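Everything numeric in this text was worked out from a predicted model, so none of it was measured. If you read the sequence from its start, that first residue is 1, and numbering goes on from there.
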Amino acid sequence: MLRGVRRGTAWAVLLSVTASLLAACGSGSDAGGDLTTEKVTLRFTWWGADDRHKRTQKVIDMFQRKYPNITVKGEFKEWNGYWDSLATTMAANDAPDVMQMDELYIASYAERGALLDLNEAKKHLDTSNFDQKALATGTIAGKRYGLPVGLGMYSIMVNTDLLAKYGIPVPDDTKWSWDDLKTIGEQVSKAGGGAVFGVQSPGINDAAGLSIRARQQGHAMFDADAKVVLPQEIARDYWQYVLDLSKSGAAMSPSATIEKASAGLNQSATATNTAAFGLWWNTQLTALTAASGAKLKLLRLPGETQGKAPGAYYKSSMFWSVSARSKYPAEAAAFVNFLANDEEAAKVLLTERGVPANQKIRETISGQLKDTDKAAKEYLDTVPVSDPPRITPNGASTLDTILKRHTEDVLFGRTTPDQAAASFIREVQSEVDAAR
């Protein structure tokens, strides 16, 4: 769920095909009509590794047995090649009928008329077991361009083995603050003697930490019109906090921080037991537990009780989307419905694409989950959330890259937190404006 995103060829191709998509965005048949009894072939594309491919193919086979007149042709790729391929097929007016979609790109495709409004297919797509805040993650201006597959929430992951080793109690996450995290981080670092640090520094891999701080203070990154409305002082205070973590010793040195963040999950400070606290998606608990071999626990975000609103929100791991140019939108919607609602299919897919967004399905598979996945599910079910942020606007898919560069500049003293804040806001707005 945490990925670096490159603009590259996919973005250039996507921009070049705007006119053709808008000129031919109508569907070949009625999304709300009856399913055909004739032979139909749907193309379905997704990214992922071998385990995902095997599980998905099993579910495709199950769907085809239930709907023998519908053939689903699977097309899968690794993340890095997926978006170039999807943009190329869009440009050739040869888009797959059903596609796995990411939050960073859904607005780019939706606003160019490439995706079907799934509200049109409600006859074939049941969303009654989805929380409205979950459904909102795939909605733009009232139109539902993506059905959330799995849900995640940001958490603070704590290594309770390290705290026990140093005699430091686990903090009360129902009332702790960001200052509390810094203070306990300093205690861990002092006890760790340079081998273990308190906090894995935020602000390197994505903009979630900044977004959370803004949300807790009643603000957002973008408004409904894709304007950057993040107050400069909030961004400044965020980078000052990141800098203070480093200067106080609560976090690693800047060079070590960058090295750990660039090495991937398995070499992160959390996975290598070299930091006691880290900002992670709740759904990464299983992978980090396996990598670290330690007892890890999910804690609520600091600052939730001191702020104006919860910073926590649902983030879709990915979406199911349907091409606006599909010749068989009703059948494509029926396939999405099977992926999202069929209990036997859910028992095959489990949490490979995240803890299911479908609440009924979450309960259906709960008995099959590992303890760490059960903990991730419980966190999702019990931690309060506010409405999700606006979907990343068209043009802002480089947001995380921009933030990472400014974080590095602040940590290495090349700029001040206030200068970074002003520059970040200007750059992001410029990227969005350029894509209009």
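In this structure, E120 does not pair ionically with R144, as no charged nitrogen and carboxylate oxygen lie closer than 4.0 Å. Note on D50 versus K54: no salt bridge recorded, every NZ/NE/NH1/NH2 to OD/OE distance being 4.0 Å or above. Here K360 pairs with E343 in a salt bridge; the nearest charged N to carboxylate O distance falls below 4.0 Å. Using a 4.0 Å cut-off between charged nitrogen and carboxylate oxygen, E186 and K190 do not count as a salt-bridge pair. Of the charged side-chain nitrogens involved, none lies within less than 4.0 Å of a carboxylate oxygen, so that K404 and D400 do not count as a salt-bridged pair. Under 4.0 Å is where a charged nitrogen must lie from a carboxylate oxygen, and between E344 and K347 at least one such pair does. Taking a cutoff of 4.0 Å between a charged side-chain nitrogen and a carboxylate oxygen, D409 and R414 qualify as a salt bridge. Ion pairing between E75 and R43 holds under the 4.0 Å rule for side-chain N and carboxylate O.
Under the side-chain hydrogen bond (donor to acceptor under 3.5 Å, both in side chains) criterion, N266 pairs with no residue at all, not counting sequence neighbours. Residues satisfying the side-chain contact (heavy atoms from CB on, under 4.5 Å) test with A375, not counting sequence neighbours, are L285.
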Inset, instruction - Might you work through the side chain to side chain contact (heavy atoms under 4.5 Å, CB included) test for L86 and T89, ending with a clear yes or no? - result: CA-CA 5 Å; L86 184 61; T89 59; 4.1 Å; yes
Legend entry - Test salt bridge (charged side-chain N to carboxylate O under 4.0 Å, His left out) applied to R405 and E427, step by step: CA-CA 12 Å; R405 172 163 44 80; E427 282 191 59; 2.6 Å; yes
Inset, instruction - Evaluate side chain to side chain contact (heavy atoms under 4.5 Å, CB included) for L118 paired with K122, printing each intermediate quantity in order. - result: CA-CA 7 Å; L118 296 177; K122 59 184 178 181; over 6 Å; no
Inset, instruction - Evaluate the side chain to side chain contact (heavy atoms under 4.5 Å, CB included) criterion for residues S246 and M252: first the C-alpha distance (whole Å), next the side-chain angles of each, then the deciding distance (0.1 Å), finally the verdict. - result: CA-CA 6 Å; S246 178; M252 295 179 177; over 6 Å; no
Inset, instruction - Kindly determine whether T139 and I391 satisfy side chain to side chain contact (heavy atoms under 4.5 Å, CB included), including the steps that lead there. - result: CA-CA 8 Å; T139 301; I391 288 176; 5.8 Å; no
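Of all heavy-atom pairs spanning K143 and N119, the tightest one is CA-ND2, 4.0 Å. Shown here for A134 and L151, the closest heavy-atom pair between the two residues is CB-CD1, 3.7 Å. The two residues K77 and H53 have their closest heavy-atom pair at O-CE1, 4.5 Å. The minimum heavy-atom distance linking S321 with M101 is given by the pair OG-CB, 3.5 Å. Minimum interatomic distance between G249 and S189 (heavy atoms only, all atoms of both residues): O-OG, 2.7 Å. Taking both residues in full, the closest heavy atoms of D373 and T286 are given as OD1-OG1, 2.8 Å, listed atom of the first, atom of the second, then distance.
D97 and S323 share no donor-acceptor pair across their side chains, judged by distance under 3.5 Å alone. With 3.5 Å as the limit, one finds a donor-acceptor pair spanning the side chains of D172 and T174. At a cut-off of 3.5 Å, with distance as the only test, no side-chain donor of S155 or R300 sits close to an acceptor on the other residue. Side chains of Q100 and R353: a donor-acceptor N/O pair is present below 3.5 angstrom, by distance only. Side-chain atoms of D161 and N159 include no donor-acceptor pair closer than 3.5 Å. In this structure, a donor-acceptor pair under 3.5 Å is absent between the side chains of S177 and D179. Using a 3.5 Å distance cut-off with no hydrogens or angles, the side chains of T137 and S316 do not pair a donor with an acceptor. With 3.5 Å as the limit, one finds a donor-acceptor pair spanning the side chains of T270 and W280. In summary, the side chains of Q419 and W239 do not present any donor paired with an acceptor at a separation below 3.5 Å, with no hydrogens or angles considered. Between the side chains of N394 and R436, not a single donor N or O lies within less than 3.5 Å of an accepting N or O.
Atom-to-atom distance recorded for L288:CG and N273:CG is 10.0 Å, nearest 0.5 angstrom. Taking OG1 of T289 as the start and NZ of K297 as the end, the distance is 13.5 Å to the nearest 0.5 Å. Atom NZ of K260 and atom CZ of F197 lie 10.5 Å apart (nearest 0.5 Å). Rounding to the nearest 0.5 Å gives a distance of 11.5 Å between CD of Q284 and CG of L296. Put simply, CG on D51 and CD on E352 are 5.5 Å apart, with the number rounded to the nearest 0.5 Å. Within the model, atoms CD of Q57 and CG of D61 stand 5.0 Å from one another, a figure rounded to the nearest 0.5 Å.
More than 12 non-hydrogen atoms from other residues, nucleotides or ligands lie less than 6.0 angstrom from OH of Y166. Counted within 6.0 Å of NZ on K165, heavy atoms from surrounding residues, nucleotides or ligands total 12 or fewer; the atom is thus considered open. More than 12 heavy-atom neighbours from other residues, nucleotides or ligands sit within 6.0 angstrom of CD on E233. Counting heavy atoms of neighbouring residues, nucleotides and ligands inside a 6.0 Å radius, atom CD of Q267 does not exceed 12 of them.
Residues I156 and W176 are in side-chain contact: their nearest non-hydrogen atoms beyond the backbone lie under 4.5 Å apart. Side-chain contact between L411 and I204 is present, with at least one heavy-atom pair separated by less than 4.5 Å. Inter-residue side-chain proximity for H219 and L230 is flagged as unmet; no heavy-atom pair is nearer than 4.5 Å. At a threshold of 4.5 Å between non-hydrogen side-chain atoms, the residues L210 and P202 do not count as touching. For the pair K315 and P388, the minimum side-chain heavy-atom distance is 4.5 Å or more. Between P171 and L299, some side-chain heavy-atom pair lies under the 4.5 Å cut-off. With a 4.5 Å cut-off on side-chain heavy atoms, T392 and Y105 do not count as touching. A heavy-atom distance below 4.5 Å is not found between the side chains of F277 and Q200.
Between F44 and W320, the two ring planes are perpendicular [angle over 60°; tilted spans 30° to 60°]. In this pair, W83 and W47 present their aromatic rings tilted. The plane angle is within the 30 to 60° band. Ring planes of F338 and F63: perpendicular class, angle over 60° (limits at 30 and 60°).
Using a distance-only test at 3.5 Å, with no hydrogens or angles considered, no donor-acceptor pair links the side chain of T351 to the main chain of G354. A donor-acceptor contact shorter than 3.5 Å is absent between the side chain of S211 and the backbone of A208. Put simply, the side chain of Y154 never gets that close to the backbone of Y314: no donor and acceptor are under 3.5 Å apart. With N129 contributing its side chain and I361 its backbone, the two residues share no donor-acceptor pair below 3.5 Å. Looking at R213, its side chain never comes within 3.5 Å of a backbone N or O of Y238 through a donor-acceptor pair. Judged purely by atom type and a 3.5 angstrom limit, T415 has no side-chain atom pairing as donor or acceptor with the backbone of V410.
Because its NZ or CZ atom is not both nearer than 6.0 Å to the ring centre of W46 and within 45° of the ring axis, R52 does not count as a cation-pi partner of that residue.
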